Amino acid sequence: MPRTVLEPRFQVEHLSILDSEGHLDAALEPTLEPGELRALWRAMLLGRRLDERMVRLQRQGRIGTFAPIKGQEASQIGSAATLRKTDWMVPSFRETAAMIMRGWPIEKLLLLFAGYLEGAEPAPDQHDLPITIPVATQLPHAVGLAYAAQYRGDDAVVMVFLGDGATSEGDFHEAMNFAGVWQVPVVFVCQNNQWAISVPLKKQTHSRTLAQKALAYGVPGLQVDGNDVLAVYAAAREAVDRARGGGGPTLIECITYRLGVHTTADDPTKYRSDEEVRAWERKDPLTRFRAYLEARGLGEPGLEATLDAEIAEAVRRFEATPPADPLAMFEHVHAEPPAHLRAQREDLARRLAARGAPSPADPGAAPPRATPMRGQRLTRR
Amino acid sequence: MPRTVLEPRFQVEHLSILDSEGHLDAALEPTLEPGELRALWRAMLLGRRLDERMVRLQRQGRIGTFAPIKGQEASQIGSAATLRKTDWMVPSFRETAAMIMRGWPIEKLLLLFAGYLEGAEPAPDQHDLPITIPVATQLPHAVGLAYAAQYRGDDAVVMVFLGDGATSEGDFHEAMNFAGVWQVPVVFVCQNNQWAISVPLKKQTHSRTLAQKALAYGVPGLQVDGNDVLAVYAAAREAVDRARGGGGPTLIECITYRLGVHTTADDPTKYRSDEEVRAWERKDPLTRFRAYLEARGLGEPGLEATLDAEIAEAVRRFEATPPADPLAMFEHVHAEPPAHLRAQREDLARRLAARGAPSPADPGAAPPRATPMRGQRLTRR
Amino acid sequence: MPKLNMVKALNLALFEEMARDPDVLVLGEDVGVDGGVFRVTDDLQRKFGSQRVIDSPLAEAGIIGTAVGMALYGLKPVCEIQFSGFAFQCFHQIENHAARYRARSRGRFHCQMVIRMPYGGGVRALEHHTESEEQFYAHIPGLTMVVPSGPRTARALLAAAIRDPDPVIFFEAKALYHAAKEDVPDESETLPLGRARVAREGTDLTLIAYGAMLRVALEAADTLQSEDGASVEVLDLLTISPLDREAIVASVGKTGRAVVVHEAPRSFGPGAEIAASIMDGAFLSLEAPVRRVTAYDVSFVGFAREKATVPDAPRVVAAARETLAF
Amino acid sequence: MPKLNMVKALNLALFEEMARDPDVLVLGEDVGVDGGVFRVTDDLQRKFGSQRVIDSPLAEAGIIGTAVGMALYGLKPVCEIQFSGFAFQCFHQIENHAARYRARSRGRFHCQMVIRMPYGGGVRALEHHTESEEQFYAHIPGLTMVVPSGPRTARALLAAAIRDPDPVIFFEAKALYHAAKEDVPDESETLPLGRARVAREGTDLTLIAYGAMLRVALEAADTLQSEDGASVEVLDLLTISPLDREAIVASVGKTGRAVVVHEAPRSFGPGAEIAASIMDGAFLSLEAPVRRVTAYDVSFVGFAREKATVPDAPRVVAAARETLAF
Ligand SMILES: Cc1ncc(C[n+]2csc(CCOP(=O)(O)OP(=O)(O)O)c2C)c(N)n1
Ligand SMILES: Cc1ncc(C[n+]2csc(CCOP(=O)(O)OP(=O)(O)O)c2C)c(N)n1
Ligand SMILES: [Mg+2]
Ligand SMILES: [Mg+2]
């Protein structure tokens with residue numbers, strides 16, 4: 001009767017399979033075909049090369065602010081690789097690698113970051129939401145999608161991404177709680193990259209891990225080495241299979257690191273040390289996976305060049321995209337434009353016509369001005 | 001390296017000292033003076049009698065909708081009793097017993113429930129916030145108060161109340177998380193009365209306990225028999241002392257039951273069984289504590305009558321309160337009324353004057369109409 | 001033609017729409033077993049099951065956020081927010097997402113969803129239970145904001161809102177829930193969203209109102225007719241946004257005088273847009289400035305004083321007289 | 001007299017007020033070590049410590065909710081919401097509590113707090129980073145809503161806002177952060193809240209603007225002067241709510257014509273209240289309907305198209321010409 005310990009007691013596990021020293025836990029190694037392993041590698045490498053290219057495009061003023069992914073390739077690819085095409089992926093704003101893997105054309109993403117909403121339009125058969133900017137607000141959408149899938153009897157699983165900072169938002173809590181109560185097929189993949197802009201994890205929460213936050217919802221939580229694509233894959237596979245089998249939601253915390261800037265408007269030298277970054281560079285997810293593949297005779301020399309060419313081709317297509325009609329802003333506000341929007345559309349059409357030349361000299365399609373996102377100093381990385 | 005269990009492992013404890021059968025765990029019994037024990041009893045009994053009286057006042061149309069507390073006296077009084085006058089109490093909307101104990105005059109609360117904001121004005125020296133209606137929104141206020149106390153170097157502790165349903169709101173999560181990160185002196189007292197209006201706990205969350213939600217924030221969480229005033233007192237004492245000593249926040253889950261209606265606009269027969277209610281009536285917090293006191297020779301025959309007279313006196317004072325000036329609504333919107341409010345005040349003053357008789361015939365002070373809060377059937381309890 | 005009060009009329013519309021379309025589901029706090037704190041969803045769960053009529057956890061952003069996800073999948077959730085005063089908890093999900101998903105995804109996704117909320121005074125309740133927040137929704141592009149004025153319009157507009165492919169904020173005046181019964185047709189009916197209704201014809205002055213204020217406007221019109229011999233036209237907006245400027249301008253173009261009535265606070269309130277739109281469209285016909293009879297710019301005053309700030313017929317009559325005499 | 005851009009001017013005001021009053025503290029995401037994503041709080045943490053300049057967890061309702069608690073205790077928090085597009089997450093804490101605590105407690109408590117947010121376009125950013133949401137705050141009783149138009153007004157108004165005993169929403173136009181430098185006096189100065197400023201005198205037409213749109217209005221006034229010989233008065237509102245109706249009515253009473261300019265969407269926007277207030281106060285002086293030049297009623301359009309919807313000088317000139325020719 002007195003002070004009794006309630007059951008169940010809780011613990012949080014950490015999963016690591018291929019560590020940064022190259023040690024492999026063969027007992028836990030997922031069974032993946034060579035083709036599957038190569039696909040993972042290809043997607044990770046493409047993510048990395050594209051990311052580096054996009055930073056340059058931004059520095060040249062050819063696209064606007066975006067959030068680079070460097071260092072987080074294994075977390076994104078290991079998890080997204082477990083999805084079927086008919087499953088849903090719900091990104092936050094830092095899942096470029098995963099989005100490309102899910103079939104988003106590179107040029108479309110570039111268009112989005114160049115300031116055109118057209119870049120956020122998923123293809124008709126694509127089961128992906130566009131990126132969501134307000135932190136954590138996409139999480140309940142994923143739970144709703146999962147509810148709907150279950151309601152319709154579809155066997156789709158929903159995977160939703162979030163950052164460490166996102167776990168502080170009320171929407172994280174409400175989404176996790178709804179998912180727990182409803183027992184819907186959704187997998188929360190938290191990329192704990194140690195920072196939310198300048199705020200380190202220890203100022204974000206007093207909890208030892210993010211995985212343990214799942215305990216509050218009676219949901220399984222697992223921590224995984226997020227720079228170990230095999231471990232991420234294994235953890236996500238387990239969670240996705242459980243979700244598809246009716247076992248409900250899971251929270252996966254991927255321990256990883258953002259090697260670059262928060263966004264291209266950020267200067268991380270203000271808040272973190274070079275030593276810290278160098279230490280994490282030694283845990284680079286690409287290095288260890290490349291070594292693993294080479295050891296298994298699955299190396300692909302020359303792949304960088306192939307991917308770079310693919311990217312260059314996509315950049316060309318992006319830059320050849322004719323600036324879309326500014327009048328398009330009036331489409332899709334409602335299914336049918338109401339009277340006041342028709343009148344406003346006419347107003348803009350009149351103004352565009354009066355100013356003569358249609359695009360790109362018109363005010364809508366003017367090339368982006370150079371005003372920076374903020375008074376930033378030059379960033380060092 | 002592989003699948004390792006992270007430290008610390010977690011467990012949630014349950015504390016019970018005096019159970020519904022009257023068994024006492026003497027080892028855990030808090031050391032309370034007879035006067036202190038009597039004060040607890042007096043406050044619990046006053047809470048109960050006032051509650052029953054208020055339900056009648058509402059049924060007679062003399063006050064409006066309010067949330068009865070019957071069954072939750074031990075949770076409220078056991079916890080609030082651990083506070084000093086200079087500590088802060090932040091109620092939700094169902095802490096009438098605790099508020100009275102903290103010094104709110106009964107007639108003031110009646111005034112509030114009769115539709116006059118004056119009833120929410122704390123006395124100048126009172127360190128209590130008025131009731132908060134939007135569920136869970138008071139929780140961050142408590143954390144802010146605690147931060148401010150710590151910032152100023154005051155050794156005040158803040159105790160904040162919430163219900164089981166409130167744990168689902170994002171504000172609960174954000175408040176707990178801020179409290180954990182900031183390690184401020186705040187004690188969250190969750191009265192888990194099993195229901196949030198018609199929603200039972202199992203539809204509210206998939207977690208086994210509410211106490212374990214504290215684990216998500218690296219904060220201690222403890223479950224306690226909320227109908228056992230000694231256990232609640234012991235748990236709150238521990239948490240308050242820890243908070244005052246710089247040990248940071250605590251979440252206490254009091255397992256209790258709302259024996260009455262959710263509010264006077266509610267009909268619980270729609271959603272719960274008489275058996276359930278009867279089972280909880282056998283765990284009534286007053287019954288076991290009265291027996292305990294009597295066994296210790298601390299019974300106070302005749303106390304009911306004394307308290308009833310006190311309540312009757314307060315009701316008389318409440319009903320004698322002259323209806324306040326409707327023009328008062330323009331005070332306290334801002335420190336200084338801006339021009340448009342001065343103009344609107346004049347407009348009302350003109351209207352009141354034109355309609356002749358000041359109060360109570362004026363539109364502002366008209367006696368509350370009988371329109372019920374909703375199309376309710378007669379409630380059985 | 002059954003005679004129903006507004007609660008029953010809304011309940012009927014929900015029954016009909018759920019029977020008509022298996023993608024329609026209902027989600028909110030206490031909407032299931034309890035049938036909603038105002039009983040608008042009474043008996044729906046018994047009929048359609050707890051998968052379609054969902055008693056959600058107590059979290060408004062969770063309700064709207066998950067409903068957005070359901071809608072993106074193709075379902076048609078009808079959410080209940082228990083009182084409009086608690087909808088600010090989900091305001092970000094409404095503004096950031098429900099209202100924008102169609103535009104953001106260039107039409108690939110849309111949110112066919114309805115967010116029902118009781119609003120306004122008249123029920124002797126506590127703070128946040130009597131406010132009138134329509135303005136916040138009216139200003140958001142992509143949303144439709146509807147306020148029926150009685151049982152029949154409530155049933156027809158709710159059906160229309162549920163069938164509308166875009167998000168609709170649906171305000172239900174608590175003061176009307178049990179106020180009066182009206183004949184509603186046996187067959188399900190809809191009313192077009194975005195259209196005002198001439199509730200009474202007249203030639204000297206236009207009173208513009210919606211929701212619970214329609215009664216007040218009609219009562220004032222009666223008084224003005226009988227005591228002043230004034231012929232007063234009363235417009236029942238039904239939809240606040242998109243605003244039916246055409247109907248408003250047509251009426252004021254004819255009468256030359258207008259008074260707007262609403263329960264929301266005056267400053268930066270819906271009456272401002274209505275007045276400004278009249279100026280835009282009927283400036284040369286205006287014989288007097290458009291007056292606004294509204295709640296004062298005060299927060300909650302306690303129900304005992306509610307009548308001092310919520311417009312009543314005498315206030316509308318007084319404003320109308322000044323307008324007629326201008 | 002140092003010459004400062006708006007970021008530096010705001011930073012200076014924060015330094016001065018924190019030095020002046022130990023109860024003032026700063027709270028928000030990235031406001032400490034990083035100095036804020038726009039550097040407005042740069043160096044404050046180094047100077048005043050991490051207890052007074054708090055890097056909060058990523059949770060807007062947590063920021064505003066805890067700040068309300070601090071204010072109830074007697075502190076004077078200055079909160080930063082990183083972009084105004086993310087303030088809907090804390091809208092309930094603002095509307096339910098910050099704006100109401102004085103009235104609710106009949107003056108026993110009040111919330112002396114400032115909520116700073118960057119708003120508006122011009123920075124090539126993603127969705128929710130370029131919107132203009134002042135209307136939502138202007139409609140809430142108990143709030144003061146301030147929008148400075150340049151470095152000097154920014155510094156003076158921020159100081160006044162911090163010293164004001166009531167909650168102030170303080171919008172900072174991102175487009176102005178680095179736009180121009182202005183002389184600011186060596187000594188700390190304040191400007192009264194609730195007062196508009198005549199930014200340029202004139203007799204034929206009044207342009208009413210605030211924030212980043214002031215530049216646009218001034219540019220339009222120049223054009224109208226030089227090309228049309230029109231004498232244009234420009235009012236810089238500075239405070240949106242409480243609205244300085246007296247100044248507005250005085251100006252339009254004189255000119256008889258007005259055009260309002262804002263970045264917020266048009267319908268149910270701040271321009272509506274301004275127009276309606278002009279009708280209330282200056283009806284008989286009005287020679288033409290008050291026109292509104294605003295963003296269209298569309299949600300985010302992508303920064304590449306921003307200029308097509310955010311007002312620019314040619315649009316204002318065109319509207320002014322129509323108004324002058326009416
Ligand atoms: C609701 C909201 N608040 C603030 C921001 C500004 N912001 C963008 S990203 C970010 C940090 C996110 O941190 P985390 O969740 O760890 O993701 P990461 O950026 O590290 O991938 C912030 C504060 C936002 N986008 N949305
Ligand atoms: C934000 C918000 N949503 C909804 C409500 C309506 N409401 C009032 S009390 C209540 C249930 C609260 O349940 P719980 O937290 O368990 O407290 P209890 O009523 O059991 O004391 C609800 C839904 C509210 N007051 N505030
Ligand atoms: Mg992060
Ligand atoms: Mg409860």
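Residue numbers begin at 1 in each chain, while the letters A, B, ... track the order of the sequences. Note that the coordinates shown come from a computational prediction; the quantities given were computed from them, not determined experimentally.
At a 4.5 Å heavy-atom cutoff, Phe88(D) makes no contact with chain A through either its backbone or its side chain. When heavy atoms are compared at a cutoff of 4.5 Å, Phe86(D) approaches chain A solely by way of its side chain, counted from C-beta outward. There is no contact between Thr167(A) and chain D, counting heavy-atom distances below 4.5 Å. Looking at Val301(D), both its backbone and its side chain come within 4.5 Å of chain A, counting heavy atoms on both sides. Only the side chain of Val333(A) comes within contact range of chain D, with at least one heavy atom under 4.5 Å from a heavy atom of that chain. Heavy atoms closer than 4.5 Å to chain D are found nowhere in Ala120(A), neither backbone nor side chain. Residue Leu327(A): no heavy atom, backbone or side chain, is found under 4.5 Å from chain D. For Phe113(A), the parts lying near chain D are the backbone and the side chain together; criterion is any non-hydrogen pair under 4.5 Å. For Gln89(D), the part lying under 4.5 angstrom from a heavy atom of chain A is the side chain only.
Counting heavy-atom pairs closer than 4.5 Å to chain A, the top-ranked of the candidates Asp55(D), Val33(D), Asp297(D), Asn5(D) is Asp297(D).
What you find for Gly302(D) and Leu117(A) is that their closest heavy atoms are N-CG, 4.3 Å. Considering every non-hydrogen atom in both Ala114(A) and Ala304(D), the closest pair reads O-CB, 3.8 Å. Across all their heavy atoms, Gln204(A) and Pro57(D) have their closest contact at OE1-CA, 3.2 Å. Summarising the geometry of His340(A) relative to Ser267(D), their closest heavy-atom pair is CD2-OG, 3.8 Å, with the distance given to 0.1 Å. Residues Asp30(D) and Ala196(A) share a closest heavy-atom pair of OD1-O, 3.5 Å. Listed here is the closest heavy atom pair of Arg355(A) and Arg315(D): NH2-N, 4.4 Å.
A distance of 7.5 Å separates CD of Gln58(A) from CZ of Arg124(D), quoted to the nearest 0.5 Å. Atoms CG and CD1, from Leu126(D) and Ile131(A) in turn, are 5.5 Å apart once rounded to the nearest 0.5 Å. Distance check, rounded to the nearest 0.5 Å: CD of Gln344(A) to CZ of Arg266(D) gives 6.5 Å. The CE atom of Met329(A) sits 10.0 Å away from the CD atom of Glu306(D) when rounded to the nearest 0.5 Å.
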The test is side chain to side chain contact (heavy atoms under 4.5 Å, CB included); show your working for Leu348(A) and Thr309(D) and say whether it passes.
CA-CA 8 Å; Leu348(A) 177 56; Thr309(D) 176; over 6 Å; no

Does the side chain to side chain contact (heavy atoms under 4.5 Å, CB included) test come out yes or no for Val135(A) and Glu60(D), once each step is laid out?
CA-CA 10 Å; Val135(A) 168; Glu60(D) 289 75 15; over 6 Å; no

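Ion pair Arg291(D)/Asp347(A) not flagged as a salt bridge, since none of the NZ, NE, NH1 or NH2 atoms sits closer than 4.0 Å to an Asp/Glu carboxylate oxygen.
With contacts defined as side-chain heavy-atom distances shorter than 4.5 Å, the pair Leu58(D)/Val199(A) does not qualify. Residues Thr65(A) and His129(D) have side chains not in contact (no heavy-atom distance under 4.5 Å, counting atoms from C-beta outward). Inter-residue side-chain proximity for Arg39(D) and Asp267(A) is flagged as met; some heavy-atom pair is nearer than 4.5 Å.
Arg351(A) places a side-chain N or O within donor-acceptor distance of the main-chain N or O of Ala308(D), the cut-off being under 3.5 Å.
Heavy-atom neighbours of Lys8(D) NZ from other residues, nucleotides or ligands within 6.0 Å: at or below the threshold of 12. Counting non-hydrogen atoms of neighbouring residues, nucleotides and ligands closer than 6.0 angstrom, the CD atom of Glu322(D) exceeds 12 such neighbours.
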